[in-house]
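All values reported here derive from a predicted model rather than from experimental measurement.
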Amino acid sequence: MVFAQTSPCDVITTRLTLDEYRAMEETNPERHEYRNGEIITMSGGSESHSA
C-alpha cells in the first residue's frame with residue numbers, strides 16, 4: 001500500500017500481493033488501482049461520468 005505525504009521524500013511504500021489487494025477492496029469504501037504491487041487511490045467520479 002502506498003501512503004504519500006505532501007513531499008515525495010515522505011513516501012512510505014509497502015507492496016501488496018494481488019490476493020491481499022482483492023481482500024482489501026472487498027471491504028474498502030474507496031476504490032483503488034493495483035499497479036505492480038502498489039495501491040493507488042482512484043479519484044471520485046461524477047454522476048455524469050458514470051452515465
Single-linkage hydrophobic cluster Ile39~Leu18, side-chain heavy atoms < 4.5 angstrom: yes
Of all heavy-atom pairs linking Tyr34 and Thr17, the shortest is OH-C, 3.5 Å
Partners passing salt bridge (charged side-chain N to carboxylate O under 4.0 Å, His left out) against Glu33 (at least two apart in sequence or in another chain):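 Result, salt bridge (charged side-chain N to carboxylate O under 4.0 Å, His left out) vs Glu33: Arg35.
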Can you list the residues that meet the side-chain hydrogen bond (donor to acceptor under 3.5 Å, both in side chains) rule with Glu25, with sequence neighbours excluded?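 Here the qualifying residues are Arg31, His32.
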Taking every non-hydrogen atom, the tightest pair across Arg15 and Asn36: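 For Arg15 and Asn36, the tightest heavy-atom pair comes out as NH1-O, 2.7 Å.
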